[in-house]
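Notes to accompany the following structure.
In what follows, every heavy atom counts, from backbone to side chain, and hydrogens, waters and symmetry copies are set aside.
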Amino acid sequence: MKRIVLSVFLLLAAFCNSPANATTLFTATLTPDQVVVGSGDPDPAASSLAFGTATLSLDLSGPSPTLSYSIQFFNLDLTSDPRVEPPFGVNKVRGVHIHLGAIGGERPHVLNVLGAPRDDDADLISSPSTDSLSGAWDDSDEDFGPDGMRDSFDSIALTDALADLQAGNLYFQIHSYFFRDGEIRGQIVPVPEIQTTFFLMVCASLLMIRRRNLG
């Protein structure tokens, strides 16, 4: 039994000190009921069937941070050019942004992913055939617009948003042409560290082994 315990702790030490530990995973579940609805705006929670999922990976191993992301939409139409307006009522994606803000709050953009007002992510890949997006946000995507002055619709460097990302204070907001102020929204939250899950699984296994030995 002592040999098993020693082997497990050696394995845990190697795992926790591995290069993969420099990467942190995040996720977001985008739904209509999370959208903060303004006065007089249509409420997507009352009629929208759209939803989405996002996975993100923060890499801190390089000289500057990089946040890779992918988003999958359902019951939303991601066409090749979101700036071309469709007939009224079509559930076409108009804009995809990452915003600063806690759950239930609304704050400025931190990254213009797609559409209005512009695409700031140089690594953006849009896949209309699968209604999915992927890209990578880093410091080079900062864009303060034509006047060079920071305003609420501009993208900022990832470094400047890193603390808010890690604190869970960023969210995705997807705008459509029917719900211009937002049809689905999802808070970006860290995935529980894999080593924690692994450790709990190991402890459960050791407990089972111990009970068998005692039995």
Quick one: does any side-chain atom of W137 pair with a main-chain N or O of I156 as donor and acceptor, under 3.5 Å?
yes
Give, for atom CD1 of I125 and atom CG of D121, the distance between the pair rounded to the nearest 0.5 Å.
9.5 Å
Charged N to carboxylate O below 4.0 Å: is that the case for D154 and R118?
yes
Whether the side chain of D131 engages the backbone of L78 through a donor-acceptor N/O pair (distance < 3.5 Å, no angle test) should be reported.
yes
Whether H99 and H109 hold their rings parallel, tilted or perpendicular, with breakpoints at 30° and 60°
perpendicular
For T159 and D139, what are the C-alpha separation, side-chain angles and deciding distance, and is it a side-chain hydrogen bond (donor to acceptor under 3.5 Å, both in side chains)?
CA-CA 6 Å; T159 294; D139 289 353; 2.7 Å; yes
For residues S132 and I71, determine if any side-chain heavy atom of one lies less than 4.5 Å from a side-chain heavy atom of the other.
no
Side chain proximity check, F73 to I184, heavy atoms < 4.5 angstrom
yes
After noting the C-alpha distance and the side-chain angles of D59 and S61, does the key distance pass the side-chain hydrogen bond (donor to acceptor under 3.5 Å, both in side chains) rule?
CA-CA 6 Å; D59 185 359; S61 63; 2.6 Å; yes
Looking only at atom types and distance, does a side-chain atom of N75 sit under 3.5 Å from a main-chain N or O of L49, one as donor and one as acceptor?
yes
To the closest 0.5 Å, what do you measure between CG (D160) and OG (S155)?
12.0 Å
For side-chain contact (heavy atoms from CB on, under 4.5 Å), just list the numbers for L58 and F26, CA-CA rounded to whole Å, side-chain angles, deciding distance to a tenth of an Å, and then say yes or no.
CA-CA 8 Å; L58 175 64; F26 297 81; 3.7 Å; yes
Taking the side chain as every heavy atom from C-beta outward, state whether V93 and S176 have any pair of such atoms under 4.5 Å apart.
no
Taking every non-hydrogen atom, the tightest pair across D119 and R83:
OD1-NH2, 3.3 Å
Okay, side chain of D138, backbone of L158: is any donor-acceptor separation there less than 3.5 Å?
no
Please check if the side chain of E106 supplies one atom and the backbone of G101 the other of a donor-acceptor pair under 3.5 Å.
no
Closest heavy-atom pair and its distance - G115, P82:
CA-CG, 3.8 Å
Hey, is the main chain of Q34 close enough, under 3.5 Å, to the side chain of Q187 for a donor-acceptor pair?
no
Test side-chain hydrogen bond (donor to acceptor under 3.5 Å, both in side chains), reference H175, set H97, R180, R94, K92, output is H97
Do V189 and L165 share a hydrophobic cluster (ILVMFWY, side-chain heavy atoms under 4.5 Å, transitive)?
no
Would you say I98 and L133 are hydrophobically clustered, going by side-chain heavy atoms of ILVMFWY under 4.5 Å?
yes
Could you tell me whether the side chain of D141 and the main chain of A122 form a donor-acceptor pair under 3.5 Å?
yes
Check whether D120 reaches the backbone of L111 with its side chain - one donor and one acceptor, N or O, closer than 3.5 Å.
no
Does Y69 reach the side chain of V113, with side-chain heavy atoms less than 4.5 Å apart?
yes
Decide if atom CD1 of I103 counts as having more than 12 heavy atoms of other residues, nucleotides or ligands within a radius under 6.0 Å.
no
Would you say F179 and V36 are hydrophobically clustered, going by side-chain heavy atoms of ILVMFWY under 4.5 Å?
no
Going by atom types only, do T79 and D77 share a side-chain donor-acceptor pair under 3.5 Å?
no
If I compare all heavy atoms of L100 with all of V110, which pair ends up nearest, and what's the gap?
CB-CG1, 3.9 Å
Please tell me whether I174 and L56 are part of a single hydrophobic cluster in this structure, the criterion being side-chain heavy atoms less than 4.5 Å apart.
yes
May I ask you to check whether E183 and S48 show a side-chain donor-acceptor distance below 3.5 Å?
yes
Would you check if there is a donor-acceptor pair between the side chains of S127 and S129 at a distance under 3.5 Å?
no
Consider only side-chain N and O atoms of S68 and S57, and report whether a donor and an acceptor are under 3.5 Å apart.
no
With rounding to the nearest 0.5 Å, note down the distance linking CZ in F172 to OG1 in T29.
11.5 Å
Minimum heavy-atom distance between V35 and P44, given as atom pair plus value
CB-CG, 4.0 Å
Please find the pair of heavy atoms, one from Q72 and one from T130, that lie closest to each other, and give the distance.
NE2-O, 2.7 Å
Under the 3.5 angstrom rule, does the side chain of T27 hit a backbone N or O of A54 as a donor-acceptor pair?
yes
Let me confirm one number: the CE-CZ distance from M149 to F144, rounded to the nearest 0.5 Å.
9.5 Å
How many angstroms lie between atom CG of L67 and atom CG of D123, to the nearest 0.5 angstrom?
11.5 Å
Will you find, in the side chains of Y177 and N91, an N or O donor that is under 3.5 Å from an N or O acceptor?
no
Grab the two heavy atoms, one from A102 and one from N169, that are nearest each other, plus how far apart they are.
CB-OD1, 3.8 Å
Is there a path of hydrophobic side-chain contacts, each under 4.5 Å between heavy atoms of I, L, V, M, F, W or Y residues, that connects V37 with Y171?
no
May I have the step-by-step check of salt bridge (Lys or Arg N to Asp or Glu O under 4.0 Å) for R107 and D164, ending in yes or no?
CA-CA 12 Å; R107 298 289 300 279; D164 287 298; over 6 Å; no
